[in-house]
Engineer: 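Quick one: the structure is below, questions incoming.
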Amino acid sequence: EIENCGFMYFGVLCFIDNIFTGNWSEEPIFTTTPLHRRSLPAISNNCPCESAFDLFKLFIDENLVNQWVIYTNHYSYIHYGASIDTNTNELYRFIGCLISMGIDNLPEIKDYFYGLFARKFIKDSFKYNRFSQLLASFCVTNPDNENTFKDPAAHCAELIEVLNTKFQSHYNLTQHL
């Protein structure tokens with residue numbers, strides 16, 4: 001259940017429960033954590049969520065991640081001379097690893113892959129070199145936009161706009177306490 005996830009600060013992070021239990025595959029669909037409508041009073045009733053990953057995809061959907069795939073591949077081509085050649089499933093795994101790393105903070109990225117504190121989920125999802133390539137090239141806005149490099153907030157303006165629209169469409173203002 002969503003209550004057992006332990007990350008009630010923001011419902012989107014509840015798919016971490018599936019990550020830590022090892023329920024990850026090449027196809028990033030989590031079905032082992034069913035959501036119950038009573039647990040999500042602020043999410044609109046037309047929410048098709050059957051799992052925590054479905055809830056995550058309400059906000060970070062495949063269209064958005066497909067756009068990030070294009071931006072990331074293009075960014076790597078511009079800056080490194082070759083496309084990183086990523087895809088939607090790989091970026092969903094990458095985002096899952098980033099969220100996991102944000103919750104379970106270690107001093108260095110290498111620590112998640114090697115040594116005493118290595119994390120099985122992260123090691124099983126990526127080789128260290130591939131993860132480092134993605135981290136260096138991950139881009140959520142058009143890398144051709146010159147404002148991206150002049151305005152410090154421009155690199156996430158497009159994402160913020162998309163998320164604000166999605167939050168408005170899926171949030172029900174209630175007095176639930």
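All values reported here derive from a predicted model rather than from experimental measurement. Position 1 is the first residue of the sequence, and the numbers go up from there.
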Engineer: Can you see which heavy atom on Ile84 is nearest to which on Leu134, and at what distance?
Structural biologist: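 Scanning both residues completely, I find the closest heavy atoms to be CD1-N, 3.5 Å.
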
Engineer: Can a donor-acceptor pair be found between the side chains of Gln133 and Tyr128 at a distance below 3.5 Å?
Structural biologist: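 Per modelled atom types, Gln133 and Tyr128 side chains form no pair under 3.5 Å.
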
Engineer: Could you tell me which non-hydrogen atom of Glu62 sits nearest to which non-hydrogen atom of Tyr92, and how far apart they are?
Structural biologist: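 Closest approach of Glu62 to Tyr92, heavy atoms only: N-OH, 3.3 Å.
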
Engineer: Within the 4.5 Å heavy-atom criterion, are Leu64 and Val140 side-chain neighbours or not?
Structural biologist: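 A side-chain contact is absent here, since even the closest heavy-atom pair is not under 4.5 Å.
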
Engineer: Working to the nearest 0.5 angstrom, can you tell me the gap between Phe131 CZ and Phe94 CZ?
Structural biologist: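 Phe131 atom CZ to Phe94 atom CZ measures 4.5 Å (nearest 0.5 Å).
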
Engineer: Dump the intermediate steps for side-chain contact (heavy atoms from CB on, under 4.5 Å) on Leu159 and Trp68, then the final yes or no.
Structural biologist: CA-CA 10 Å; Leu159 173 61; Trp68 293 351; 3.4 Å; yes

Engineer: Tell me whether Asp61 is salt-bridged to Lys57, with the criterion being a basic N under 4.0 Å from an acidic carboxylate O.
Structural biologist: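 Looking at Lys57 together with Asp61, the answer is no, because their closest N to O distance does not fall below 4.0 Å.
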
Engineer: Do any N or O atoms from the side chain of Ser76 and from the backbone of Asn73 form a donor-acceptor pair under 3.5 angstrom?
Structural biologist: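 Such a contact is found between Ser76 side chain and Asn73 backbone.
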
Engineer: What distance do Glu90 atom CD and Cys97 atom SG have between them, rounded to the nearest 0.5 Å?
Structural biologist: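 That separation rounds to 10.0 Å.
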
Engineer: May I ask you to decide if Gly96's main-chain N or O and Ser100's side chain share a donor-acceptor pair within less than 3.5 Å?
Structural biologist: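 The answer is no, because no donor-acceptor pair under 3.5 Å joins these two groups.
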
Engineer: Look at the side chain of Ser125 and the backbone N and O of Arg93, then say whether any donor-acceptor pair between them is shorter than 3.5 Å.
Structural biologist: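 Such a contact is absent between Ser125 side chain and Arg93 backbone.
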
Engineer: To the closest 0.5 Å, what do you measure between CG (Leu98) and CG (Leu135)?
Structural biologist: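 Between atom CG of Leu98 and atom CG of Leu135 there are 6.5 Å.
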
Engineer: Asp144 vs Ile78, test: side-chain contact (heavy atoms from CB on, under 4.5 Å). Steps then yes/no.
Structural biologist: CA-CA 9 Å; Asp144 289 331; Ile78 291 170; 3.4 Å; yes

Engineer: Please table the atom pairs, donor to acceptor, closer than 3.5 Å between any side-chain atom in residues 109-116 and protein atoms at least two apart or in another chain.
Structural biologist:
unit_1, atom_1, unit_2, atom_2, d
Asp111, OD2, Glu108, N, 3.2
Tyr112, OH, Met101, O, 3.2
Tyr112, OH, Asp104, O, 2.7
Tyr112, OH, Leu106, N, 2.8

Engineer: How long is the span from the NZ atom in Lys166 to the CD atom in Glu161, to the nearest 0.5 Å?
Structural biologist: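 So the gap between those two atoms works out to 12.0 Å.
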
Engineer: Test side-chain contact (heavy atoms from CB on, under 4.5 Å) on Phe56 and Ile95; report intermediate values, then the result.
Structural biologist: CA-CA 11 Å; Phe56 178 78; Ile95 293 165; 3.7 Å; yes

Engineer: If you measure from OG1 on Thr86 to CG on Asn89, what distance do you get to the nearest 0.5 Å?
Structural biologist: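 Reported to 0.5 Å precision, the distance equals 9.5 Å.
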
Engineer: Quick one: does Arg119's side chain have a donor or acceptor within less than 3.5 Å of a partner on Phe117's backbone?
Structural biologist: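 Present.
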
Engineer: Supply the atom-to-atom distance Tyr75 OH to Cys139 SG, rounded to the nearest 0.5 angstrom.
Structural biologist: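 Between atom OH of Tyr75 and atom SG of Cys139 there are 7.0 Å.
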
